[in-house]
There are 2 protein chains.
Amino acid sequence: MLNQQPSLDLMFQALADPARRSMVERLSRGPASVSELARPLDMSLPAVMQHLAVLEAGGIVASEKVGRVRTCAIRPEVLSLAEQWINQRRTQWERRLDRLGDFLAAEDEETT
Amino acid sequence: MLNQQPSLDLMFQALADPARRSMVERLSRGPASVSELARPLDMSLPAVMQHLAVLEAGGIVASEKVGRVRTCAIRPEVLSLAEQWINQRRTQWERRLDRLGDFLAAEDEETT
DNA sequence: CAAACACTTAAGCACATACTTGACTATCCA
DNA sequence: TGGATAGTCAAGTATGTGCTTAAGTGTTTG
């Protein structure tokens, strides 16, 4: 299938859980099976599957089943969307601060 | 007060809601009062206060009350932490892909 | 001083999340 | 073929989230 026009809601939601971030962290070092993702997590396999579903719903991760193993991988372009949203708000704020700084400096200049 | 050593959990959690992102978006254009944040949102003031509390718990926003108005502002350094977490996973994945590409290219070179 | 303003608190409710266990289904391998 | 492997489905439960309304508390302002 491999569709996906993911929402920021689901993307950030997916990243808001330590188990899911641990899975992403593992996947950032390369593809992995479900049980590989599960190994370091102190919870049942079904629980891990549910986390995986949340990551897929957020578009952060894609997976494909071959034989009896499901292999998971990161979707970096979606990760990048979340990154960009944050970056845009942050830099807008910081540009505003800079302009304010310039304004205050100019005003100071004027009065001296 | 102004303490804060925020967790990724609470940061991403805070960003995972459209009302809260709308508040951040508004704040990225400069400080605002609670009712200013509430104006475009179709919900009661108490609901907005609860969203604000989530944003503060995540460290994304700080606020201070002067007289009867509470003024809110973005904490860009915290926003930057979330950004960095994503960026690190994404670039790690992409570096891996690059190395893999190099490897395949070299292998191809060898066999021709 | 009284009314309007800008929150703030508390309580309650519907729905969503993060698990669990138990049972089941396909591969794969000896 | 039969057992181990890797994953999946279905329920059930406890806790968390996102609202609401109703009733406050301080702060201006006419």
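Quick note on labels: first sequence line is chain A, next is B, and so on, each numbered from 1.
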Both conditions, 6.0 Å and 45 degrees, for the charged tip of B:R90 above the ring of B:W93: are they met here? no

Write down the distance between CE (A:M43) and C1' (D:dA14), rounded to a whole number of angstrom. 16 Å

Taking the six-membered ring of A:W85, is the NZ or CZ of A:R89 close enough (under 6.0 Å from the centre) and on axis enough (within 45°)? yes

Donor-acceptor pair (no angle test) under 3.5 Å: B:Q50 side chain, D:dT20 base: yes

Can you check the A:E56 CD to D:dG7 P distance for me, whole Å? 13 Å

Test B:S63 against B:E56 for side-chain contact (heavy atoms from CB on, under 4.5 Å), laying out the working first. CA-CA 8 Å; B:S63 76; B:E56 297 209 56; 2.8 Å; yes

If you compare all heavy atoms of B:Q92 against all heavy atoms of A:R29, which two are closest, and at what distance to 0.1 Å? NE2-CG, 3.4 Å

Just N and O in the side chain of A:H51: are any of them under 4.0 Å from OP1 or OP2 of C:dC19? yes

Between A:S44 and A:G67, which is nearer to the 5' end of DNA chain C once each is assigned its nearest nucleotide? A:S44

Run the side-chain contact (heavy atoms from CB on, under 4.5 Å) check on B:V61 and B:M23 step by step: do they pass? CA-CA 10 Å; B:V61 163; B:M23 292 166 76; over 6 Å; no

Might you confirm whether atom CD of B:E64 has over 12 heavy atoms from other residues, nucleotides or ligands at distances under 6.0 Å? no

Considering only heavy atoms, which members of residues 13-24 of chain B lie under 4.0 Å from some atom of DNA chain C? none

For a quick test of reading the model, state the closest non-hydrogen atom pair linking B:A38 to B:L45 and the distance between them. CB-CD2, 3.7 Å

Does A:R68 make a side-chain N or O approach to OP1 or OP2 of C:dC29 shorter than 4.0 Å? no

Heavy-atom pair with the smallest gap, counting every atom of B:R75 and B:A62: NE-CB, 4.1 Å

Which residues, if any, of residues 26-42 of chain A bring a heavy atom under 4.0 Å of DNA chain C? none

Is there a side-chain contact between A:K65 and the phosphate of D:dT8, meaning an N or O under 4.0 Å from OP1 or OP2? yes

Separation of D:dC19 atom C1' from B:L45 atom CG, nearest Å, is 14 Å

Which side-chain N or O atoms in residues 11-22 of chain A pair as donor and acceptor under 3.5 Å with protein atoms at least two apart or in another chain?
{"from": "A:D17", "atom 1": "OD1", "to": "A:A19", "atom 2": "N", "distance (Å)": "2.8"}
{"from": "A:D17", "atom 1": "OD1", "to": "A:R20", "atom 2": "N", "distance (Å)": "3.3"}
{"from": "A:R20", "atom 1": "NE", "to": "A:A14", "atom 2": "O", "distance (Å)": "2.8"}
{"from": "A:R20", "atom 1": "NH1", "to": "A:H51", "atom 2": "ND1", "distance (Å)": "3.1"}
{"from": "A:R20", "atom 1": "NH2", "to": "A:Q13", "atom 2": "O", "distance (Å)": "3.1"}
{"from": "A:R21", "atom 1": "NH1", "to": "A:L15", "atom 2": "O", "distance (Å)": "2.8"}
{"from": "A:R21", "atom 1": "NH1", "to": "B:D9", "atom 2": "OD1", "distance (Å)": "3.2"}
{"from": "A:R21", "atom 1": "NH2", "to": "B:D9", "atom 2": "OD1", "distance (Å)": "2.6"}

Please report the distance, rounded to the nearest Å, between CE in A:M49 and C1' in C:dT20. 15 Å

